[in-house]
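In the text below, chain A, chain B and the rest are named by the order of the sequence lines, each starting its count at 1.
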Amino acid sequence: MNVPVVLMLSTLPDAATADALAQAALEARLAACVTNVGAVSSHYHWKGAVESSREVQLVFKTSVARCDELQRFVEARHPYETPEILVWQVHASPAYGQWVNAETQRPLHV
Amino acid sequence: MNVPVVLMLSTLPDAATADALAQAALEARLAACVTNVGAVSSHYHWKGAVESSREVQLVFKTSVARCDELQRFVEARHPYETPEILVWQVHASPAYGQWVNAETQRPLHV
Amino acid sequence: MNVPVVLMLSTLPDAATADALAQAALEARLAACVTNVGAVSSHYHWKGAVESSREVQLVFKTSVARCDELQRFVEARHPYETPEILVWQVHASPAYGQWVNAETQRPLHV
């Protein structure tokens with residue numbers, strides 16, 4: 001029986017910022033795994049012009065229970081004025097889904 | 001309150017074709033942002049054999065309202081006989097979702 | 001009319017393992033296309049510590065009908081104790097969706 005888990009995608013300005021955010025989310029047990037997809041090029045509308053930036057894309061894997069808290073965590077720490085934070089639910093294979101849920105348990109004593 | 005937005009994934013034969021399509025979709029206000037994920041390798045069935053190609057993957061971020069029009073736009077301009085166009089709805093953080101909706105408003109005078 | 005198809009994401013330890021799994025899934029007609037996104041960095045909880053690994057990310061494109069069988073195939077051949085296997089349904093443009101369905105037909109004589 002597959003297990004619902006949540007993917008959250010965000011883009012950061014550089015590798016150092018991305019790795020620091022990934023590490024902080026893991027230490028707070030707000031994600032079980034964060035994949036750094038590496039450098040991407042983004043093209044977008046910004047204040048009336050079409051702009052382009054090199055960015056680094058992260059994909060967080062978290063539980064349904066911790067998803068909202070992870071989003072607030074990323075929003076609070078993200079360096080952009082309007083960060084890209086995109087969330088969708090997927091089905092994980094049973095062992096992986098159970099692992100995501102176990103690793104994102106709220107710590108008992110903090 | 002998160003905002004529904006749409007991700008559309010397509011693969012193009014090379015960076016020049018990908019960047020031209022991204023730019024055209026942005027200028028037509030059919031996407032707020034297009035991420036060029038860079039070079040990928042695709043392996044696939046084609047006319048009886050397993051083939052492999054180097055390609056460039058794009059991810060368009062658009063509004064629910066403009067999604068169908070973006071799809072027709074990509075289908076009409078894509079150089080492949082059977083282009084990969086995959087669409088799914090996600091939840092954007094409020095500021096990003098509002099930005100996607102605002103940037104993909106149909107222009108008043110065109 | 002768009003056609004439902006399934007994306008399945010998995011990460012493998014290296015390019016050789018990833019390409020072999022992609023090829024095997026294609027030969028078994030359990031996927032129409034497999035995209036190798038290339039090298040990614042994963043950061044994750046494992047047995048009490050935060051670990052990081054270089055990995056290779058694959059995205060399988062398959063039909064709704066063959067999705068469960070593809071998942072069992074990947075689980076059986078994956079080298080990890082707890083492989084990441086994430087599945088979600090998307091909407092494909094009509095021609096691409098029909099192609100995915102046609103290429104993942106179970107062979108008549110095997």
Honestly, the part of C/A32 sitting under 4.5 Å from a heavy atom of chain B is backbone
If you measure from NE2 on B/H45 to CZ on C/R29, what distance do you get to the nearest 0.5 Å? 4.0 Å
For B/V50, is it the side chain, the backbone, both or neither that has a heavy atom under 4.5 Å from a heavy atom of chain C? side chain
Could you grab the distance from atom NZ of C/K61 to atom OG of B/S42, nearest 0.5 Å is fine? 5.5 Å
Separation between OG1 (C/T35) and OH (B/Y44), nearest 0.5 Å, reads 10.5 Å
Nearest heavy-atom contact between C/S93 and B/P83 is OG-O, 3.8 Å
Contact class of C/A102 relative to chain B, heavy atoms under 4.5 angstrom: neither
If I take atom CD from residue B/E84 and atom SG from residue C/C33, how far apart are they, to the nearest 0.5 angstrom? 5.5 Å
Side-chain touch C/H91/B/I85, heavy atoms, less than 4.5 angstrom: no
Per-residue contact mode, C/L58 against chain B (heavy atom under 4.5 angstrom): neither
Nearest 0.5 Å, what's the CD-CG distance between B/E55 and C/N36? 12.0 Å
C/N2 CG to B/C67 SG distance, which is reported to the nearest 0.5 Å: 7.5 Å
Nearest heavy-atom contact between C/W99 and B/T82 is CB-CG2, 4.1 Å
Portion of C/Q23 that has a non-hydrogen atom of chain B nearer than 4.5 angstrom: side chain
C/V5, part contacting chain B, at a heavy-atom distance under 4.5 Å: side chain
Taking the side chain as everything from C-beta on, heavy atoms only, tell me whether C/Y96 gets closer than 4.5 Å to B/L86. yes
